[in-house]
Amino acid sequence: MLLLTLESSCDETSAAVVRDGKTVLSNIVASQIDIHAEYGGVVPELAARHHLQSCPVVIDQALRKAGVTLEQIDGICVTRGPGLIGALLVGVSAAKALAFACDIPLVGVHHIEGHILAPLLENDIEFPYLALAVSGGHTHLYIVRHIGAYELIGHTLDDAAGEAFDKVAKMCGLSYPGGAQIDQLAAVGDAKMFNFPRPMLQHKGYNFSFSGIKTAVMTQLKKMESPLEADVLAGLAASFQAAVVEVLYKKTLRAAQEYKLKRIVVAGGVACNSGLRQVFTKSGATEVFFPSAKLCADNAAMLAVAGEYYLNQGITSDLDLNACSTWPLEQAGAEMLDLQPETKNIGG
Ligand code: KG4
Ligand code: ZN
């Protein structure tokens with residue numbers, strides 16, 4: 001099956017062509033970072049407007065790069081939610097229009113489902129596995145029993161890890177989104193320079209909290225003269241990153257042990273973080289899978305694993321499919337799989 005996939009949940013407009021839910025023929029991403037950077041964060045109305053401009057362009061590029069025409073596409077898959085509603089609506093509307101015009105099936109999938117299944121594009125991973133979804137909006141731990149069967153076992157009670165990275169970067173005078181810049185600074189900084197808290201590390205269960213680390217960084221910054229010396233800034237970034245990474249790593253590993261899961265997937269934008277990749281890779285105890293950088297950050301190809309599976313099962317979305325700004329992943333998966341063959345339709 002040749003799938004055209006579309007992603008527009010936040011500030012990246014992306015289209016991809018993927019064969020059989022496995023071979024990525026193209027994965028075009030148009031980033032709006034430069035547009036939002038001047039405001040220090042994503043401006044929803046601007047995001048929607050720019051998706052509108054970029055959507056036809058990325059679709060055209062994705063088809064060209066894959067060397068296929070629209071007539072050869074067998075199905076359309078789009079991010080239905082969660083995300084910014086205006087942004088999502090652009091992708092969902094484009095997907096519906098294409099499905100109607102080409103008379104091919106459409107399926108709307110969950111953004112985080114895309115992230116945590118992305119490593120299946122590059123590896124053969126047996127189910128079940130534990131998935132740590134770490135992005136700008138999520139820090140969630142799921143047991144992935146199968147495509148569509150997701151059990152949430154922990155989540156952040158306040159900021160997502162990516163959000164904490166971005167807020168700390170902003171406090172340090174770095175531009176939005178600051179996660180990757182903190183990562184770069186941390187690589188040359190002394191992680192022992194400051195001792196930031198490791199919130200909820202000792203708590204039973206698998207919830208997270210990152211606002212305390214962020215506040216500790218702010219308190220530390222207030223005690224120091226700005227601008228910071230380069231080595232102090234790097235030390236601050238390294239100490240902050242070490243705190244976040246330790247909590248993510250230790251809690252995830254503990255969950256894998258308690259639930260006797262041999263395989264771990266770490267996915268979402270923060271999975272690009274070199275400190276996080278290092279600790280998991282070094283752990284050696286478990287099989288750990290990170291998507292490659294292109295498949296970590298928001299992109300359309302990651303949707304193809306779920307899209308291919310659902311379409312092969314005859315699970316499709318109606319042309320009245322609606323975008324959802326909030327949509328729990330467990331619920332999304334259950335909605336897909338619970339449907340009877342005659343009513344396999346998830347519109348509206
Ligand atoms: O998955 P993603 O591209 O978009 C959302 O679904 O949110 O994740 C974006 C987040 C941002 O907060 C960004 O700062 C963070 O991922 N990020 C990083 C790194 N690269 C991106 N955080 C830490 N280290 C990185 N190298
Ligand atoms: Zn994402």
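Numbering of ligands and ligand atoms starts at 1, following listing order.
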- At what distance, to the nearest 0.5 angstrom, does NE2 of His50 lie from CG of Asp34? 10.5 Å
- Message: Going by salt bridge (Lys or Arg N to Asp or Glu O under 4.0 Å), name the pairs with one or both residues in residues 162-173, residues two or more places apart or in two chains.
- Response: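 Only Asp159-Lys167, Glu163-Lys167 qualify under salt bridge (Lys or Arg N to Asp or Glu O under 4.0 Å).
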- Near the Zn ion (ligand 2), which protein N/O/S atoms are found at less than 2.8 Å? His111 NE2, His115 NE2, Asp298 OD1
Using a 4.0 Å cutoff against the non-hydrogen atoms of [X], which atoms of ligand 1 qualify?
| X | result |
| --- | --- |
| Gly137 | 7 (O) |
| Cys272 | 20 (N), 26 (N) |
| Val270 | 15 (C), 16 (O), 18 (C), 22 (N) |
| Gly179 | 14 (O), 18 (C), 19 (C), 22 (N), 23 (C), 24 (N), 25 (C) |
| Ala297 | 3 (O) |
| Gly162 | 12 (O) |

May I ask you to check whether [X] has an N/O atom sitting below 3.5 Å from an N/O atom of ligand 1?
| X | result |
| --- | --- |
| Gly269 | yes |
| Ser274 | no |
| Gly136 | yes |

Do [X] and [Y] pair up side chain to side chain, a donor and an acceptor below 3.5 Å, judged on atom types alone?
| X | Y | value |
| --- | --- | --- |
| Glu12 | Ser14 | no |
| His115 | Asp298 | yes |
| Glu122 | Ser292 | yes |
| Tyr176 | Glu38 | no |

contact_flag [X] ligand 1 heavy-atom lt 4.0 Å:
| X | answer |
| --- | --- |
| His115 | yes |
| His111 | yes |
| Cys10 | no |

- Query: To which protein heavy atom is atom 24 (N) of ligand 1 closest, and what is the distance rounded to 0.1 Å?
  - Reply: Asn273 ND2, 3.0 Å
- Leu248 reachable from Leu157 in the ILVMFWY side-chain graph, under 4.5 Å edges: no
- Task: Let me know which of Val18, Val68, Asp20 forms a side-chain contact (heavy atoms from CB on, under 4.5 Å) with Leu2.
- Result: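 Among Val18, Val68, Asp20, the one that satisfies the side-chain contact (heavy atoms from CB on, under 4.5 Å) with Leu2 is Val68.
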- Among Ile104, Asp60, Leu63, whose side-chain contact (heavy atoms from CB on, under 4.5 Å) with Leu70 holds?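 Among Ile104, Asp60, Leu63, the one meeting side-chain contact (heavy atoms from CB on, under 4.5 Å) with Leu70 is Leu63.
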- Item | Distance-minimising heavy-atom pair for Ser8 and Gly91 | OG-N, 3.1 Å
- Message: Taking the six-membered ring of Tyr129 as reference, does the cationic atom of Lys262 (NZ for Lys, CZ for Arg) lie under 6.0 Å from its centre and within 45° of its axis?
- Response: no
List the atom pairs, donor and acceptor, that lie under 3.5 Å between side-chain atoms in residues 141-151 and the rest of the protein, sequence neighbours left out.
unit_1, atom_1, unit_2, atom_2, d
Arg145, NH2, Glu151, OE1, 2.6
Tyr150, OH, Glu113, OE2, 2.6
Tyr150, OH, Gly148, N, 2.9

- Item | Any pair counted as side chain to side chain donor-acceptor pair (under 3.5 Å), so long as it reaches residues 231-241, sequence neighbours left out |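 Sorted result for residues 231-241: Gln241-Asn273.
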- Considering only heavy atoms, which of Asp183, Asp298, Asn299, Asp166 lies nearest to atom 3 (O) of ligand 1?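 It is Asp298 whose heavy atom sits nearest to atom 3 (O) of ligand 1.
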